[in-house]
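For reference, the structure discussed in these notes is given below.
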There are 4 protein chains.
Amino acid sequence: MPAVTLAELNGADKSGFVAMLGDIYEHAPWVAERAWARRPFANVSSLHEAMMAAVRAAPAQERLALINGHPDLAGKAALAGTMTRDSKAEQASAGLDRLSAEEFAHFHELNNAYRQKFAFPFIICVRRHSKDSILRQFEHRLGHDASTEHETALAEIFRIAALRLDARIKTTERLKVHGHLSTHILDTHGGKPAGGVSLELLELSERADPRLIVSGVTNDDGRTAEPLIDERPLPIGRYELRFHIGAYFARLRVALANPPFLELIPIQFAIAEPEGHYHVPLLVTPWSYTTYRGS
Amino acid sequence: MPAVTLAELNGADKSGFVAMLGDIYEHAPWVAERAWARRPFANVSSLHEAMMAAVRAAPAQERLALINGHPDLAGKAALAGTMTRDSKAEQASAGLDRLSAEEFAHFHELNNAYRQKFAFPFIICVRRHSKDSILRQFEHRLGHDASTEHETALAEIFRIAALRLDARIKTTERLKVHGHLSTHILDTHGGKPAGGVSLELLELSERADPRLIVSGVTNDDGRTAEPLIDERPLPIGRYELRFHIGAYFARLRVALANPPFLELIPIQFAIAEPEGHYHVPLLVTPWSYTTYRGS
Amino acid sequence: MPAVTLAELNGADKSGFVAMLGDIYEHAPWVAERAWARRPFANVSSLHEAMMAAVRAAPAQERLALINGHPDLAGKAALAGTMTRDSKAEQASAGLDRLSAEEFAHFHELNNAYRQKFAFPFIICVRRHSKDSILRQFEHRLGHDASTEHETALAEIFRIAALRLDARIKTTERLKVHGHLSTHILDTHGGKPAGGVSLELLELSERADPRLIVSGVTNDDGRTAEPLIDERPLPIGRYELRFHIGAYFARLRVALANPPFLELIPIQFAIAEPEGHYHVPLLVTPWSYTTYRGS
Amino acid sequence: MPAVTLAELNGADKSGFVAMLGDIYEHAPWVAERAWARRPFANVSSLHEAMMAAVRAAPAQERLALINGHPDLAGKAALAGTMTRDSKAEQASAGLDRLSAEEFAHFHELNNAYRQKFAFPFIICVRRHSKDSILRQFEHRLGHDASTEHETALAEIFRIAALRLDARIKTTERLKVHGHLSTHILDTHGGKPAGGVSLELLELSERADPRLIVSGVTNDDGRTAEPLIDERPLPIGRYELRFHIGAYFARLRVALANPPFLELIPIQFAIAEPEGHYHVPLLVTPWSYTTYRGS
């Protein structure tokens, strides 16, 4: 679906409007249809509000149908290839398209338990989660009562819609749906940024090996050319940053022990706020280092 | 062999003396026998000097026989169970008694290459090394010339003897053959030592999984009851200290993110001086930490 | 008054006992006299308890007389030279013997206000306070009611007595009446303790210039030969430690800016627990430093 | 003198050009006049180059006259009010218009010694220096030989000219003649920037009391609204940043000692590169802090 401007949306008739936004809510073009009446929209935020208001104002049965229109996580729809393109991309973002047979069976079991208790599918904005975090949410939300879980499902649908709107609408005044993860290495031995340091970011899992997210090399300002994660929510989960600092000091011909006291510096940390700004810097000498959640 | 005092040694006749120290040098009781003439010994250091002097004063052929009296590292003597008790314990300390078939083959190959080049076995004071470090030394020393390697072999034999003497002689004025590794956790969020923190020390290897050396829990002073390594040389190698800090702050009911920003703190460092004092402390809050080589 | 052992005290008759301890409580030998009945004393702590019990068991009038037997702080007794030797030394410890005319007038005014409200002198264990802290206590306690202040005065008398007992009795099992202030400098540029660094400890005051308490030079282990303060309570107050780190790195011929980024490092901190252990270390490179309350 | 654009300069005839830039070199409109021939100038940097080339190409006598056209530092011209407006403002920037009688006498003496040795006035780009640094330069340069000092005087004149050009020419592609000093406070107790912290920057002097440069309060991002120093060279010299951190943690109702361990945090540092970027941040808890030269 191509991106559109607010001007195009505000100028469209109802059918044109629905053509442009009918798929923001999964299998529920009526949400766009009813929001159309509230145009013009000064910004994407008021458009998002109007669509959420249309959902909230809908009869209970329609809201339930909206919830039921969503596919199971890593479920049969995925296998059968009948998911919407957006759902497919979203589930892939958390690696749900690359499950082992064991993991698939585990999801299947949780999906069944959830459907049996609540009679609708488990909905979660997967872009905001790692696989471990989705499983924790699954187990946690299975303990809710039906009314809480109905509300939670709608809240997650709104988060999914917000991310889809953000990707669809061309505008500078964007929704706050993205997070930011960056690092910086300061060489406090030399009193300057540490350039040329190789580093990796890995996602950690209780059940699987670390998964490489991104690798890079710091520039003269001690930063990576791009943020480590940007322009998307930060998946809730545990991570490890690895800094190859031994090679850096060896290149500078600094006096080192043999083998050098510090070679690889691993820093494990968790992301809890997908829309947050996380800065995880390193202050380092050949004999010491400091890290912290910066801003 | 039971421990003896300097008084007992100084009071012994030659055969008694050799009975007590004849095995300090592998299959070479003549070293003790010749050192006997230099008694009395004011301290273990002068005894060690006297025995080294006896080796240095011996004819070249005898020195070579001494070298040749040593078993191969992880070699046939180990398989056949014909090593001296001391050699056996020493090789076990670096895990040479638990080699995989592949590792055994690698050692065998290196032993042969070394014997072929120098015509005597590769001798190293294994208590001062990890398995990785032994292999690095092996490869490094294969590049030496014969005369350098002859000197190196004797130097390693003297280190082995020093450790055996230190274990054999009861005295307060000991040889400096041991190192010391300790840690300390300071909670700079609360301004006090962090007690009750679980931690582990692991040996890292390029070829194998991390191997647990010791685990413990910090006391009210933020220290382990015993040093992490003490009363032995620190094996040259790479290590990881793991601090379970998430559980500590959770117990204190400090406000934390969910999941907490810091849960497990891994610190990787290398030991390069087997007789050194290494203090690797942690200054920590729920959002930051600092580590360094202390003293 | 010479120091005595517990054995001498336990073996003394009543008059001998009073001769040895009659001055522990100011102008109140009856406290020692009545505690005598409780001998023998297993340690100085039970002796201290027995003397406090004697005070608590005394009639109200006697307790009031005990309080009234104490001199004003920086008062007429000091001018007239009629204070006991102990009181004189104690008041000198906080600099109350070196007051400016203005300060003297201020104390005089506070003494009068206190006496007018409570009809007894202001008593405080001055060894536990700096001049600033005494003034803050004076102002704070003037707001108390009479009964609270009566209790506070006795509690301070007991603290004074504990310190006098600790100085009088020769024993290894001492009262916990002393604090400890130390520092340590670690050069995280070189990975070793920073020896040969000049440092000063100053007492800060809101009303006066900083006052030098002690200066020193670190040894090879990065510590001062003696703790900065030891064998006395740490006076509650604000302090500054000054580390002359520029000269240290210049001596090591480390590459530095001109002028060097760090030359003098001042660290201001407060002591709140006179009987506490304060360790205020410095981790330092030519471009960075860290300090903290250690243990 | 009003600011001009490169277009205006490139379009001007010779007399117009000299009217606009004739005072960039002190009492030497001929520099602008000769640079005019090299127009058009693509940017201010090539204009600066052209003017410097004109000076370098001038006969020795003219270059000497240029040097002699400069006033003494804090000299008679200042007293008599006969300095150019630019020189007056420049000397004021380092406090040379507020000298004590003693300081004035000291400058007078140094000026005379310098003139006596070199037969021209001591020239220095004062905006790049504090008063202490100017005096140190004075003493240092008195030790030079005549030829070195002739070159140094011209280099300083070029620096003065660069700053004047930067102020005169309206352009986005500016000369690198300014530095930048900033700070940032991160509360590693709470894991967030420390907002609402009062701070001051003072210039330190060996001869005088600290002089307040700027004070401020950090915003929600832990920074001051404006950099501490910006849009000018950073004067070489020693500084102290003072952070009032006690009040910050007290406001957050964090558990603190009484008095709090940390109240005022003073950080002393030197600036050595007037065109450098200095970032001097603070990582702080109620019990610890870290500072460093950042970037």
Side-chain angles (χ1 to χ4, degrees), chain A residues 129-130 132-133 136-137 140 181 188-189 202 204-206 209-210 234-246 249-250 255-274 276 278-295, chain B residues 129-130 132-133 136-137 140 181 188-189 202 204-206 209-210 234-246 249-250 255-274 276 278-295:
Chain A
H129 294 273
S130 61
D132 276 27
S133 167
R136 245 191 316 267
Q137 284 295 309
H140 175 66
L181 173 63
T188 48
H189 181 273
L202 299 105
L204 304 181
S205 166
E206 287 168 26
D209 285 341
L234 307 177
I236 293 172
R238 298 205 61 78
Y239 296 85
E240 182 168 298
L241 259 168
R242 292 186 187 162
F243 300 97
H244 296 265
I245 211 66
F249 283 116
L256 297 173
N258 178 18
F261 184 64
L262 297 176
E263 183 84 47
L264 172 76
I265 296 180
I267 293 176
Q268 296 193 3
F269 64 95
I271 283 172
E273 306 163 31
Y278 284 76
H279 184 57
V280 183
L282 183 72
L283 312 177
V284 65
T285 79
W287 306 97
S288 65
Y289 61 93
T290 293
T291 190
Y292 52 92
R293 179 174 177 185
S295 69
Chain B
H129 294 274
S130 61
D132 277 27
S133 167
R136 247 193 314 269
Q137 284 296 310
H140 176 66
L181 173 63
T188 49
H189 181 273
L202 301 103
L204 304 180
S205 166
E206 286 168 28
D209 286 339
L234 306 177
I236 293 171
R238 299 205 59 78
Y239 296 84
E240 181 168 299
L241 259 169
R242 293 186 185 163
F243 300 97
H244 296 265
I245 211 67
F249 283 117
L256 297 173
N258 179 16
F261 185 64
L262 298 176
E263 184 86 46
L264 173 76
I265 296 180
I267 293 175
Q268 295 192 5
F269 63 95
I271 283 172
E273 306 162 33
Y278 283 76
H279 184 57
V280 183
L282 183 72
L283 312 178
V284 64
T285 79
W287 306 96
S288 65
Y289 62 90
T290 293
T291 190
Y292 51 92
R293 177 171 180 188
S295 68

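What's counted below: heavy atoms across the whole structure, side chains too, no hydrogens, waters or symmetry copies.
Among the residues in residues 263-273 of chain B, those with a non-hydrogen atom closer than 4.5 angstrom to a non-hydrogen atom of chain A are B:E263, B:L264, B:P266, B:I267, B:Q268, B:F269, B:A270, B:I271, B:A272. The stretch residues 288-295 of chain A places A:S288, A:Y289, A:T290, A:T291, A:Y292, A:R293 near chain B, each with some heavy atom under 4.5 Å from a heavy atom of that chain.
Not a single salt bridge (Lys or Arg N to Asp or Glu O under 4.0 Å) links B:R238 to another residue, sequence neighbours left out. Considering only residues two or more places apart in sequence or on other chains, A:T188 meets the side-chain hydrogen bond (donor to acceptor under 3.5 Å, both in side chains) condition with none of them.
Interface residue B:P260: only backbone heavy atoms are found under 4.5 Å from chain A. Residue B:Y278 touches chain A through its side chain alone, counting heavy-atom pairs closer than 4.5 Å.
Among B:G246, B:A257, B:P259, the residue with the largest count of heavy-atom pairs under 4.5 Å with chain A is B:P259.
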